Amino acid sequence: MDKEITLERFAAIVDAYGASPERWPAPERSAADALLAASAPARALLAEARMLDGLLAAAPLEAPSDALVERLMAARPRALAALAPAAKPRGLFRELVDAIWPYGSPALPTGALAASIMLGVALGSVSEISVLNGSATATAAAETETGDRLISLALADVTWPEEWIQ
Amino acid sequence: MKEASDDELVAAVAKGDGAACSLLMERHLGRTVALARRMMGNQADAEEVAQEVFLRVWTHAERWEPGRAQFSTWLHRVATNLCLDRLRRRRGTVDIDDMPDLVSEEPGPDRRLEADELAARVEAALQQLPERQRAAIALSHYQGLSNTETAEILAVSVEAVESLLSRGRRQLRSLLATERDELLRLKETSA
């Protein structure tokens, strides 16, 4: 059994929500209906509220224009994506490299490291503080040509001084 | 696709599905324009607001979390806030001569109220309401939202919604007293 409501509360309900029971607060709807059936003053309040509802229903209403629908369709996500520059297709090899090294190929840092080792060794060999001794096996034949020398120095089976290893 | 929920349609919109965009507009664009029309008082501004609302849907579709909120309530909230923002900006620049004037257009006693004229006068009366009262009436009376949904959208209590609605309707009753009498006369003569 729903809780009963007073005429005062019924007046407040129609004052705020109008005459249509579907607009009334759901928990009070059936109690308001019950009062309506039993009370002439409640029916008078309802008639007054219905009059205002009738006037409010006359407010103009227009469907969205075709132009608005077209503008929105033109701006839909796919259309926006089409405006952005398309990514170049990536080859199978590139995809494979990316799969193996997601943060980039190690070729560049490895190359840079090799180049710096070669440069360091070359500089050491041409200066007076060279650590290479005459017994190095591959250095003797390549002393005149700088390029050959760099390569041979890098590849030489150098016997490192004992103290360097420790 | 026709049976898809709003959440499913929004997910399809995020993937660039044109049919989903079209169906979502079919379901909600008319109601969004209607809400904005009640708030702004003219169709051009209403369509601008509705366009902004749907552009936000397109933009944010990817981030929409199904089940977190009801899509239609979210739409109403965005549309209401955009209208209130625009009305606040308009308030700073509005010319008093541009305000809807009910008195100067009052029909003579021997003249029946034409439908178009009545529509214009009801719209003018709505525009004379304070913005939050108008928003409450637009959401609750015209859009048919529950008092809980209206309270959530306006970020107030249910009691505050009821108070906004009561004050709004009372003012409308006063503003439309002439039209009410005319309507009563029409009913009596047609009876």
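Protein chains get the first letters and strands the later ones, always in sequence-line order, with residue 1 at the start of each. These values consider heavy atoms only, across backbone and side chains, with no hydrogens, waters or symmetry-generated copies. Remember, predicted model here, so these are calculated numbers, not experimental data.
- Side chain of A/Tyr17 to main chain of B/Ser140: no donor-acceptor pair is present (N/O by atom type, distance under 3.5 Å, no hydrogens or angles).
- When all heavy atoms of A/Met51 and B/Arg180 are compared, the closest pair comes out as CG-CG, 3.5 Å.
- Proximity to chain B is limited to the backbone of A/Val14, based on heavy atoms less than 4.5 angstrom apart.
- Of all residues in residues 24-48 of chain B, those placing a non-hydrogen atom less than 4.5 angstrom from a non-hydrogen atom of chain A are B/Met25, B/Leu29, B/Gly30, B/Val33, B/Ala34, B/Arg37, B/Arg38, B/Gln43, B/Glu47.
- With respect to chain B, the highest number of heavy-atom pairs below 4.5 Å among A/Gly54, A/Gly18, A/Ala57 belongs to A/Gly18.
- Of the residues considered (B/Ser146, B/Gly144, B/Ala14, B/Gly18), B/Gly18 shows the highest number of contacts with chain A, using heavy-atom pairs under 4.5 Å.
- Both the backbone and the side chain of B/Ser22 come within contact range of chain A, judged by heavy atoms closer than 4.5 Å.
- Placement of B/Val78 and B/Leu84 within a single hydrophobic cluster is found when ILVMFWY residues are connected by side-chain heavy-atom separations under 4.5 Å, directly or transitively.
- Proximity to chain B among residues 6-13 of chain A is limited to A/Arg9, A/Ala12, judged by heavy-atom separations below 4.5 angstrom.
- Interface residue A/Ser65: backbone and side-chain heavy atoms are both found under 4.5 Å from chain B.
- Heavy atoms of A/Ala59 lying under 4.5 Å from chain B belong to its backbone as well as its side chain.
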Does the salt bridge (Lys or Arg N to Asp or Glu O under 4.0 Å) test come out yes or no for B/Arg169 and A/Asp15, once each step is laid out?
-> CA-CA 7 Å; B/Arg169 283 179 65 95; A/Asp15 196 35; 5.7 Å; no

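- When every heavy atom of A/Leu72 is checked against every heavy atom of B/Phe54, the shortest pair comes out as CD2-CB, 3.6 Å.
- Of all heavy-atom pairs between B/Tyr142 and A/Leu56, the closest is OH-O, 2.7 Å.
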Please report the C-alpha distance between B/Val13 and A/Arg76 in whole Å, then the side-chain angles of each, then the deciding distance to 0.1 Å, and finally whether the side-chain contact (heavy atoms from CB on, under 4.5 Å) criterion is met.
-> CA-CA 8 Å; B/Val13 164; A/Arg76 70 190 190 273; over 6 Å; no

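- Residue contact with chain B, scored on non-hydrogen atoms closer than 4.5 Å, is absent for A/Glu22.
- Neither the backbone nor the side chain of A/Ala67 comes within contact range of chain B; no heavy atom of the residue lies under 4.5 Å from a heavy atom of that chain.
- Cluster membership for B/Leu126 and A/Leu61, using ILVMFWY side-chain heavy atoms within less than 4.5 angstrom, is not shared.
- Note on A/Ala58, A/Pro60, A/Pro25: by heavy-atom pairs under 4.5 Å with chain B, the leading option is A/Pro60.
- Closest non-hydrogen pair, B/Gly16 versus A/Pro77, comes out as CA-CB, 4.2 Å.
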